[in-house]
Amino acid sequence: MSVIEYDVIVIGAGVAGLTAGSWLSGQGLKVALVTTGEPTACLSTGCIDVCAQNDDPLQGIAHLPAEHPFHLVSNATIHQALNDFQQIMTDMGMSYTGGLGKNRRILSAIGTFKTTCLTPSTMQTSPQNENEKIHIITFTGLKDFYPGYIISRFPNASFSIYNAGVPTTMGIAANFEDDTFLEAFILWLEKQNIREDKIAFPAVLGLESAMSVKERIEHRLERPIFEIPTIPPSMPGRRLFNGLKDHFRRKGGVIYWGWPVAGVEKTGRQIEAVIAESRGRPNSLNARAFILATGSFVGGGLWAKRDTIMEKVFNLPVFVPGGQEVWFDQDYFSVNHGIGETGIAVDSSFRPKGCPWDNIFVCGAILAHTEALKNGCGHGFAIATAQAAAQCCLEHIR
Amino acid sequence: MKYEHCIRCTICVENCPVFRVNPEFPGPKQAGPDAQRFRNGREKSAEEWVLLCSQCKRCEMACPCGVEPAQIILRAQQRYGLEHPHTAAHLLFANNYYLSTLGSITAPLANRFAATKIGKKIFRRMGIATYIPFPKFSFKTLRGEKKARSREARKVAFFYGCFINFYRPDIGRKIIRMLQSFKIDVVLPPQWCCGLPALGNGNAALARSFARKNVASLSNYIDAGYDVVYTCTSCGLCLLHDYQGILEIPEAKKIAENSFDLYEYVLKLITEREIKPNFREVNRVLAYHIPCHLRALKIGYPAADVIKLIPGLQCRILDDACCGLNGSYGFKKINEATAVQLGRRAVSLIQKTGAEAIVADCGSCRMQLSGLSGMDAFDPVEIICESLGIKGKK
Ligand code: SF4
Ligand code: SF4
Ligand code: SF4
């Protein structure tokens, strides 16, 4: 017996889990979200990749292989889900730029371009070709961000270094939250006599106040500035996570941290409750339906043993593309590793195929045939499948 | 304690409040799993910086791989404590229970002394920070409360903790009154400090001796059919996790199985329809600061769920910021700057919500947040009693 009965329990605090949870809370359901820890979304660039296979993301989706789970989501739902997402992030003070009409490019820390669909507005003015005139700011001691990489590809770029007193992404971002620091920084920046059209920063312009920090610098320097995503710790990834998480809470959702599911209670074709590891009484939570959004291997939803691959929460049947010999490509950096297809295969209502229970719905990166790397469908795919799976879950409950 | 499981993702680092503001501290990944690879039993520990970890456990709650960096660091802190002489501040706070007993017997004097210039100077000389006032000792501790027993079916053994006992016994009385209004028998079993301050100051032996006495006492009550209820979230964490974990107390499992957070207990009674509190309207806009150790208890935020039942009340939950005080951590001068910076950030997040007052389960969070913001900070029970019309004597 659990203390509280929920309508839906979402497992996983990534973009998919939080999106599904918020949507269901918004429909008036009582929703709890349980998670082992924080999601890989925190490590991401914060950009919303829908499908990078084509300039037009919807065209790209149309050309994905027939078994790709994106085909289970109608275009109307994809539109709706991404619009909702943009609205949520605007409400949370971290707006996003772009739309489903056309993919965008953003500059990466090694000077290449990355294709994505929606970007945080702090990356809105990221250059679209190598000839743009940009001035890069970096910080004393900041590891893993070398303007040299970009300058070697951008003939019209130069750089300056500011001493923020701390050498880490986190520390610098924390400083930018402080008005006195920001003011001193802007005064220094004004003295640099920057001639280029745009100013680039590693993504360290604050955490919760990034938008206002950006606007203040732009206003004083009278030209656009933009952020370049860094390797983790990644501030834009954390802002994305914080925004979705706070929104879920505002909708009435409840989050259980440090809550890895260790067992389930079931009767007949229903899962009744999930149970967490506990030092004392068994810690269980009941619900009428469950949404599985635990991500793929890195997210912790799938677990590879020597000869099999397991789904960690419900031990659902996992689709595996043939034997071990096809799991990996010869080239380490290839995007064609067969293992990218691994995951949970679902029917048109996002219920796992061949599953003995009727009240589990699956969304996000754990879905089979996603091949996120190869197809460039990341958070956008998570958002769309989450909303679609949440709709099916709602129908099931009503 | 599975340092081999670390995938070096840095999510713990992003969540470490101390790392965010103190460049001297290398963060949970380096201080935890990374350094663990090089720790061995033969060389004397030279890592004084492990003491900079406040044991807020936020790294543990964030790690997607179950590595528990805070546990690894806690053990390194004990090791350092064993091999090095303790500073005055460490000794003092480890023994805060005995000192507080003395302080409350001499309360009027002790409080006046702590507030004087000389008192503050002596505090600073000993390495104690004075940026917020030291909490005031209460002359009438909770322990002195007369036992009011009746014959209700439900019986609670209340583990009130030092903060309530020595500084805010009025809150303890409110808790007792609330439980009694639900027709629950409340007793105050013999009890000592949970041991967390001793552990946090590198003195596991002292912590273990407190723990043994508490376990023996509570165990008797459990056998007699009592549920153990704690209200200090740090006591709870120590009772449930550290007794079984680092302190290796036999019988600790029994305590963990029969102990409840106060609001977890109330919520359980409400959902099982054992009680039907008649909540009346309370017109307040509150910001609920989630204590790091409540989060680490992994029981959700039960007080928030209870407070939600009160009509008219608006309550925003904030669990992204550590208040920075962490019991005795922020009272040490070497941590003062860290504590103040973290406290200011937590306060600014609270003020952004437009709330008129703060709620927090933990006395040390309340002290820090109201000290730095000038706002009122309540224990959830004060709000619940306001709604139930229960008034407490001072
Ligand atoms: S301890 Fe956990 S959160 Fe920290 S780096 Fe290792 S895996 Fe990541
Ligand atoms: S317990 Fe808190 S202070 Fe210590 S390393 Fe973990 S997050 Fe940092
Ligand atoms: S943790 Fe609890 S028992 Fe220990 S000092 Fe604080 S209030 Fe007292």
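Only this structure's heavy atoms are used, side chains among them; waters, hydrogens and symmetry mates stay out. Chain A is the first sequence line, chain B the second, and so forth, proteins listed ahead of strands; every chain is numbered from 1.
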Exercise for the section: For the pair B/Y301 and A/W257, evaluate side chain to side chain contact (heavy atoms under 4.5 Å, CB included) and give the outcome as yes or no after the intermediate values. Expected result: CA-CA 10 Å; B/Y301 305 147; A/W257 301 105; 3.2 Å; yes

Practice task
I would like to know whether A/E38 and B/N15 meet side chain to side chain contact (heavy atoms under 4.5 Å, CB included); could you show each step before the answer?
Solution key: CA-CA 9 Å; A/E38 289 191 352; B/N15 277 273; 2.8 Å; yes

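- Between B/R20 atom CZ and A/L207 atom CG the span is 5.5 Å, to the nearest 0.5 Å.
- Put simply, the side chain of A/T168 reaches to within 4.5 Å of the side chain of B/F19, judged on heavy atoms.
- At distances below 3.5 Å, at least one donor-acceptor pair connects side-chain atoms of A/N283 with backbone N or O atoms of B/K298.
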Practice task
Check the pair B/R345 / A/E208 against salt bridge (charged side-chain N to carboxylate O under 4.0 Å, His left out), numbers first and verdict last.
Solution key: CA-CA 11 Å; B/R345 169 156 184 267; A/E208 40 286 306; 3.0 Å; yes

Handout entry: Criterion side chain to side chain contact (heavy atoms under 4.5 Å, CB included) on B/D319 and A/I255, from CA distance to verdict
Key = CA-CA 10 Å; B/D319 71 352; A/I255 303 179; 5.9 Å; no

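- Heavy atoms closer than 4.5 Å to chain A are found in the side chain of B/L349, but not in its backbone.
- Heavy-atom minimum distance, B/E14 versus A/M170: O-CE, 3.2 Å.
- Contact of A/D178 with chain B is not made at all, since no heavy-atom distance falls under 4.5 Å.
- A/R279 forms no cation-pi arrangement with B/Y243, by the criterion of a distance under 6.0 Å to the ring centre and an angle within 45° of the ring axis.
- Note on B/K57, B/R316, B/E60, B/K352: by heavy-atom pairs under 4.5 Å with chain A, the leading option is B/R316.
- More than 12 heavy atoms of other residues, nucleotides or ligands lie within 6.0 Å of CZ in A/R216, so this atom counts as buried by the packing criterion.
- Annotation: residues 232-241 of chain A contacts chain B through A/P232, A/P233, A/S234, A/R238 [non-hydrogen atoms, separation under 4.5 Å].
- Of the atoms belonging to B/C9, heavy atoms from both backbone and side chain fall under 4.5 Å from chain A.
- Heavy atoms closer than 4.5 Å to chain B are found in the side chain of A/N242, but not in its backbone.
- Two residues are said to be in side-chain contact when any heavy atoms from C-beta on lie closer than 4.5 Å; A/V254 and B/K308 meet this criterion.
- For A/P39, the part sitting under 4.5 Å from any heavy atom of chain B is the backbone (N, CA, C, O) and nothing else.
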Practice task
Take B/V21 and A/V166 through the test side chain to side chain contact (heavy atoms under 4.5 Å, CB included) and record every step on the way to the result.
Solution key: CA-CA 9 Å; B/V21 299; A/V166 280; over 6 Å; no

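- Remark: side-chain polar atoms of A/R281 are paired, donor with acceptor, to backbone N or O of B/S259 under 3.5 angstrom.
- At a 4.5 Å heavy-atom cutoff, the contact between A/S209 and chain B is made by side-chain atoms alone.
- Residue A/K251 places its NZ atom among 12 or fewer non-hydrogen atoms of other residues, nucleotides or ligands, all under 6.0 Å distant.
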